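Reading through the structure tokens given below for one structure.
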Amino acid sequence: MPIDFLYPEYEVVRDASRCIACRACERQCSNEVHAFDEELECMVSDESRCVNCHRCVSICPTRALKIVKTDHTFRENANWTGDTIRELYRQAGSGGVLLSSMGNPKPLPVYWDRLLLNASQVTNPSIDPLREPMETKTFLGKKPTKIERDEDGRIKTELTPQLELSTPILFSAMSYGSISYNAHESLARAAEALGIYYNTGEGGLHQDFYKYGANTIVQVASGRFGVHKDYLSAGAAIEIKMGQGAKPGIGGHLPGTKIVGDVSRTRMIPEGSDAISPAPHHDIYSIEDLRQLVFSLKEASGYKKPVIVKIAAVHNVAAIASGIARSGADIIAIDGFRGGTGAAPTRIRDNVGIPIELALAAVDQRLRDEGIRNTVSLVVGGSVRSSADVVKAIALGADACYIGTAALLALGCHLCRSCQTGKCNWGIATQRPDLVKRLNPDIGMRRLVNLVNAWTHEIKEIMGGMGINSIEALRGNRLMLRGVGLTEKELEILGVKHAGE
Amino acid sequence: MLKEGRSAAGENRIPAGCAVSSIFSRSGKRLDGSEIVRSISIMHERSNGLGGGFAGYGIYPEYAEQYAFHVFYNHQKAKEECEAFLNRHFDLVNLSKIPIRKMPQITDEPLIWRYFVTPLHTKLMESQLDEDEFVVRCVNRVNTEIDGAYIYSSGKNMGVFKAVGFPEDVGRFYRLEEYAGYCWTAHGRYPTNTPGWWGGAHPFALLDHTIVHNGEISSYDANRRCIEMYGYNCNLLTDTEVITYIFDYLVRRQGLTLEEVANVIAAPFWTTIQNRPPKERERLTYLRNVYSSLLITGPFSILVGFTGGLMALNDRLKLRSMVVGEKDDMVYIASEESAIRVVQPDLDRVWSPAGGEAVIYTLDRVKGKTAKGGVNRAH
């Protein structure tokens with residue numbers, strides 16, 4: 001049907017004067033964009049297959065390649081945009097649900113960019129992190145409301161289990177299966193080297209990675225894939241995944257083509273079978289059920305691990321978080337509507353949920369209004385893009401931040417948003433051995449360590465400028481923030497003043 | 001009388017620089033207030049005339065069992081309302097104007113009254129609170145609900161005297177030479193704003209704890225938002241108010257010792273904690289972790305007065321000056337050594353405490369507040 005013809009979104013521009021026909025691009029492209037034309041004796045491209053992942057561009061030894069957005073266009077229409085029309089044609093042709101990957105790309109407000117940070121002048125000295133100690137160590141977990149003393153009057157120092165982080169950053173949940181063995185190895189080793197944590201996601205824990213257990217958060221999601229006693233005992237904490245920012249209210253679907261070999265064994269499901277996580281946990285239809293699962297997991301792990309409950313940022317997030325705080329959870333993780341995913345229905349990803357900045361501000365304030373903020377820690381993600389976002393999140397009230405997309409970018413992801421195809425040219429979101437081996441875990445780990453170290457340096461620099469020398473004095477310190485270009489209502493929800501006030 | 005920080009643009013916190021001084025007799029010898037006035041006046045340059053104040057301990061022996069309320073009223077109506085409230089909740093043993101000396105340097109004074117009170121037995125029983133908590137809640141209610149009334153001193157056998165002006169003038173205004181106490185603290189304020197509010201001068205007090213403070217804390221909003229969870233309202237928008245509540249919360253409600261409070265608000269660095277013996281390391285880690293939102297950063301030197309003792313504490317980087325001097329049973333702590341030498345040139349010992357090092361003195365006969373008598377230097 002000619003109606004279904006869609007002109008490629010991107011064009012491959014090849015500079016013939018530079019191309020030496022080495023065919024590296026052809027070998028590197030899993031989407032089979034490039035080919036050598038024997039008759040013409042030159043490289044040709046099929047742009048219709050291109051996802052704009054920049055693999056060929058990066059690898060080309062003569063810099064002969066670039067990818068440009070096509071100027072081919074529909075008749076201009078502010079209402080019926082090209083994307084909207086294209087998606088409609090695809091659905092009319094297939095009858096299917098549109099699938100997308102990574103975070104919501106729509107031009108919706110990014111509140112991080114509307115918040116500005118403070119610095120000391122005159123009345124209070126700024127502190128130079130090169131000359132003075134600057135502390136980022138963070139503990140996550142429940143704090144007691146009363147101290148207890150022994151018969152000699154000494155404080156009893158036993159606490160419910162806590163996570164200790166050298167810096168307030170964690171790698172967020174990405175399952176083995178949705179991402180590759182090498183990506184997982186990079187995350188696990190980086191977490192260990194950095195003194196932070198990574199998260200298994202709902203894919204179980206590969207036998208090879210049990211040795212990184214002290215820096216691992218093991219996830220229990222609605223499909224319960226890969227969950228068994230040793231798994232629960234292997235990690236430093238257990239996370240119950242109730243929701244994900246990219247797809248609140250729905251489950252997950254890892255296609256059978258990715259359930260191969262070790263992925264199948266780790267998930268404890270047959271090879272080639274689709275791994276379908278139900279939308280709800282079928283043993284949690286209400287808050288009291290969540291409490292039972294929290295305590296079941298604590299029982300199963302001997303009360304030695306903090307339990308995290310992860311939810312998507314939705315409209316009623318403050319009340320939900322308040323319920324979770326009373327359910328026995330030690331940590332609440334909130335995932336904003338820009339959070340990434342290996343695959344989600346496009347309409348859900350782009351239209352469901354709320355920005356993490358607003359959700360965080362509302363939750364932190366609600367927990368304080370109820371006097372229970374210290375009984376639980378708050379970790380936020382989706383999406384935290386830089387050290388400045390981390391600082392702003394902590395000033396709004398977070399204890400720490402989850403980073404997912406940022407970590408994948410460090411590993412080489414170019415945000416082509418095609419993870420669902422399983423043909424990731426960077427060896428991240430794929431299970432094809434020839435592609436996986438492109439990601440060298442030694443390099444991957446080093447780049448993750450570099451990224452988090454760089455951010456930590458920046459966090460220290462920003463804190464020092466504010467005259468703050470320990471991260472806990474920044475937490476919830478909203479006077480360090482000012483809004484710019486925000487409405488009264490937005491400022492009220494964020495709990496910050498406008499710049500100039 | 002406009003409360004400071006209230007402007008057309010909204011509520012703003014006022015940063016301030018300052019001078020502090022204190023004199024303490026370990027033997028409990030009572031000294032009149034003229035010495036402390038002399039001490040603070042030498043640091044005239046550290047104040048700008050927008051606030052000065054004093055706290056004296058042991059000054060009301062004849063009413064030692066009653067809570068002494070010092071109250072500012074903006075107008076007669078506030079006084080009537082407040083007195084009606086006090087009559088409903090307390091037995092008023094004595095009330096009077098606080099004696100003052102009219103002088104050109106101190107103007108626009110509010111009505112300044114003093115009440116010696118005990119909670120009404122029936123009200124106290126009904127509230128199911130202990131006496132101190134009952135008093136705290138009553139003080140809080142007056143200060144937030146009765147417009148124009150402000151109870152700024154509420155302990156037993158102690159009192160706060162403060163005003164807008166230079167501290168030496170404030171001392172003369174309140175005729176401090178007519179009071180005698182075993183401990184005096186003083187404050188000269190250098191706020192960076194337009195004419196201050198009398199209530200905004202230091203010391204800040206809740207029950208018998210008084211705080212004078214020099215500095216600006218960068219952790220203010222983190223501390224405020226934490227302490228407000230426990231029923232405190234920071235409506236004066238000054239750093240010192242929040243520190244006062246932190247002390248009340250940690251000492252009275254959480255039962256921490258003053259050394260432990262110092263370990264919370266001016267916690268040792270993690271690198272320091274790491275090198276401590278295991279038991280000590282666990283204790284310090286516990287305190288930092290559990291009370292992490294009460295860590296105070298930014299420069300401060302504070303003097304905390306309490307019944308039977310005095311504590312001095314600097315921020316952990318020592319970003320504000322503070323000097324301690326001893327002579328026989330007398331202890332002097334001030335922002336500058338000059339403020340000590342002016343009243344006692346001949347000292348047995350003089351030193352600057354390190355950042356985060358709590359210096360605590362108690363009366364020789366009072367035990368219990370701290371494990372040891374005399375001086376404790378916690379770090």
Side-chain angles (χ1 to χ4, degrees), chain A residues 118 120 122-127 132-139 141 143-149 153-159 162 164 166 364-365 367-374 394-395 397 399 463 466-481 495 497-498 500-501, chain B residues 7 9-17 190-192 215-226 228-231 239 250 253-257 260 267 269-273 279 281-300 315-317 319-320 371:
Chain A
N118 193 29
S120 303
V122 184
T123 55
N124 181 346
S126 42
I127 303 167
E132 303 284 352
M134 192 59 68
E135 303 184 310
T136 55
K137 188 202 284 275
T138 301
F139 285 97
K143 314 298 179 225
T145 49
K146 276 276 174 207
I147 55 158
E148 287 180 33
R149 291 180 190 272
R154 280 192 295 265
I155 294 174
K156 293 188 187 168
T157 54
E158 295 81 36
L159 279 174
Q162 311 272 315
E164 183 183 329
S166 66
D364 177 68
Q365 191 55 49
L367 296 178
R368 286 172 193 270
D369 290 345
E370 297 182 7
I372 54 174
R373 177 64 184 82
N374 287 346
I394 291 173
D399 289 87
M463 277 167 45
M466 295 172 176
I468 287 174
N469 59 9
S470 191
I471 196 85
E472 58 259 49
L474 177 65
R475 192 195 318 128
N477 197 336
R478 294 190 186 174
L479 271 183
M480 290 297 163
L481 299 170
K497 296 179 180 191
H498 200 274
E501 277 189 279
Chain B
S7 65
E11 300 188 346
N12 289 301
R13 193 169 58 105
I14 310 302
Y190 199 130
T192 49
E216 181 190 338
I217 60 181
S218 51
S219 55
Y220 173 76
D221 215 32
N223 303 143
R224 176 188 71 82
R225 296 182 72 235
C226 176
E228 286 195 341
M229 280 202 287
Y230 307 114
D239 299 345
L250 291 177
R253 291 173 56 184
Q254 290 287 307
L256 297 193
T257 65
E260 287 163 351
F269 289 100
W270 288 117
T271 46
T272 312
I273 291 175
K279 281 273 167 214
R281 187 164 65 219
E282 277 172 32
R283 188 184 72 84
L284 291 168
T285 303
Y286 178 92
L287 288 171
R288 266 202 85 167
N289 182 3
V290 171
Y291 299 110
S292 60
S293 293
L294 300 178
L295 174 74
I296 299 176
T297 58
F300 67 82
D315 65 89
R316 53 207 207 128
L317 286 182
L319 296 171
R320 284 288 185 270

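Since we're looking at a predicted model, the values are computed, not measured.
In this structure, the portions of A/Ile468 lying under 4.5 Å from any heavy atom of chain B include both its backbone and its side chain. Neither the backbone nor the side chain of A/Ile471 comes within less than 4.5 Å of any heavy atom in chain B. Interface residue A/Ile147: backbone and side-chain heavy atoms are both found under 4.5 Å from chain B. Using a 4.5 Å cut-off between heavy atoms, A/Thr145 contacts chain B through its backbone alone, with no side-chain atom that close. Proximity to chain A (any heavy atom under 4.5 Å) is restricted, for B/Glu260, to the side chain, taken from C-beta onward. For B/Leu287, the part lying under 4.5 angstrom from a heavy atom of chain A is the side chain only.
When only modelled atom types and interatomic distance are considered, A/Gln365 and A/Arg373 share no side-chain donor-acceptor pair under 3.5 Å. B/Asn289 and B/Thr285 share no donor-acceptor pair across their side chains, judged by distance under 3.5 Å alone. With no hydrogens or angles considered, no side-chain donor-acceptor pair links B/Ser292 and A/Glu472 at under 3.5 Å.
Side-chain contact check for B/Leu294 versus B/Cys226: some heavy-atom pair is nearer than 4.5 Å. Considering only heavy atoms from C-beta on, A/Asn469 stays 4.5 Å or farther from A/Met463 through its side chain. Using a 4.5 Å cut-off on side-chain heavy atoms (C-beta onward), B/Leu317 and B/Phe269 make contact.
With respect to chain B, the highest number of heavy-atom pairs below 4.5 Å among A/Ile372, A/Val122, A/Asn374, A/Leu474 belongs to A/Asn374. Counting heavy-atom pairs closer than 4.5 Å to chain A, the top-ranked of the candidates B/Glu228, B/Arg253, B/Arg288 is B/Arg288. Per-residue heavy-atom pair counts under 4.5 Å with chain B were compared for A/Met466, A/Lys146, A/Arg368, A/Glu158, and the maximum is reached by A/Arg368. Of the listed residues (B/Gln254, B/Met229, B/Arg225, B/Arg316), the greatest number of heavy-atom pairs within a distance under 4.5 Å of chain A belongs to B/Arg225.
One finds no salt bridge joining A/Arg154 and A/Glu148 here, because no Lys/Arg side-chain nitrogen approaches an Asp/Glu carboxylate oxygen to under 4.0 Å.
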